[in-house]
Amino acid sequence: MDVHFMNFIYHYKNMRWAKGRNETYLCFVVKRRVGPNSLTFDFGHLRNRNGCHVELLFLRYLGRRLSYSITWFCSWSPCANCSAALSQFLSRMPNLRLRIFVARLYFCDMEDSHEREGLRLLQKAGVQVTVMSYKDYYYCWQTFVDRKKSHFKAWEDLHQNSVRLSRKLNRILQPCEMDLRDAFKLLGL
DNA sequence: ATTTTCAAT
């Protein structure tokens, strides 16, 4: 079952003030080894339900089956709790590669937000976290949305917003170790 | 300048 194109656009829109996105979509591709020389791909999508975040629902969906690599595209980046749960899950699955693409950053405005810490934890656990760019939207449209035959049409500012969010994520993941005073000293000010 | 956020009604 595909994501309705209207839902996709609404929930994955990477606008600055995404009012009313009180729901999170997760589109996934799970790659598994089914034999010595063959792989299988599972495609699908999930939404949060009954107060359970979609990442935890995904882990439940995955179950104990052995996977090789997982790529997902989420409308929000994970909360602190989900990041911790995912990191813990991955520590028990050393051969599993997880790549997470996100449309928007969830509660990452404050320097000391737990969500920022969570993203760094994921990075430390070997997860590749990336902000969705045009090509990722295009791929999702072709892969998960019910209007595959139509062309994905970017909204105004998609690229600009993606770049802004990407820079923000980079600042979160590569925190400058140097504090302001040291920076001034280095600059001779 | 400021605006939102895996709801709660």
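Every chain is numbered from 1 and lettered A, B, ... according to where its sequence line falls, protein lines coming before strand lines. Quick caveat: nothing in here was measured; it's all calculated off a predicted structure.
- Side-chain N/O atoms of A:N48 include one lying less than 4.0 angstrom from OP1 or OP2 on B:dA7.
- Distance, A:H11 NE2 to B:dT5 C1': 13 Å, rounded to whole Å.
- Phosphate contact (OP1/OP2 of B:dT5, side-chain N/O of A:N22, threshold under 4.0 Å): present.
- Protein atom CG of A:D109 is 10 Å distant from nucleotide atom P of B:dT3, rounded to whole Å.
- Hydrophobic clustering, with ILVMFWY side chains joined whenever heavy atoms are under 4.5 angstrom apart, keeps A:L173 apart from A:F101.
- Phosphate contact (OP1/OP2 of B:dC6, side-chain N/O of A:Y25, threshold under 4.0 Å): absent.
- Taking a 6.0 Å sphere around CE of A:M93, one finds it holds more than 12 heavy atoms contributed by other residues, nucleotides or ligands.
- The distance from atom CZ of A:R60 to atom P of B:dC6 is 19 Å, rounded to the nearest whole Å.
- Between the C1' atom of B:dT5 and the CD atom of A:E55 lies a distance of 13 Å, rounded to the nearest Å.
- Hydrophobic clustering (side-chain heavy atoms under 4.5 Å, transitive across Ile, Leu, Val, Met, Phe, Trp, Tyr) keeps A:F107 apart from A:L105.
- On the P atoms, B:dT5 is 15 Å away from B:dT9, given to the nearest whole Å.
- Here the P atom of nucleotide B:dT4 and the OH atom of A:Y10 are 13 Å apart, to the nearest Å.
- Atom pair A:R21:CZ and B:dA7:C1' shows a separation of 15 Å (rounding to whole Å applied).
- Taking a 6.0 Å sphere around OH of A:Y134, one finds it holds more than 12 heavy atoms contributed by other residues, nucleotides or ligands.
- At a threshold of 4.0 angstrom between heavy atoms, the contacts of A:E115 with the nucleic acid are absent.
- Stacking of A:F107 onto the six-membered ring of B:dT5 is present: less than 5.5 angstrom between centres, less than 30° between planes.
- Contact annotation: side chain of A:W17 to base of B:dT4, donor-acceptor pair absent below 3.5 Å.
- By the criterion of side-chain heavy atoms lying less than 4.5 angstrom apart, applied directly or through intervening Ile, Leu, Val, Met, Phe, Trp or Tyr residues, A:F73 is not grouped with A:V102; the two fall into different hydrophobic clusters.
- Residue A:S77 is classed as a base contact, given a heavy-atom separation below 4.0 Å to a base.
- Rounding to whole angstrom units, NE2 of residue A:H53 and P of B:dT5 are separated by 13 Å.
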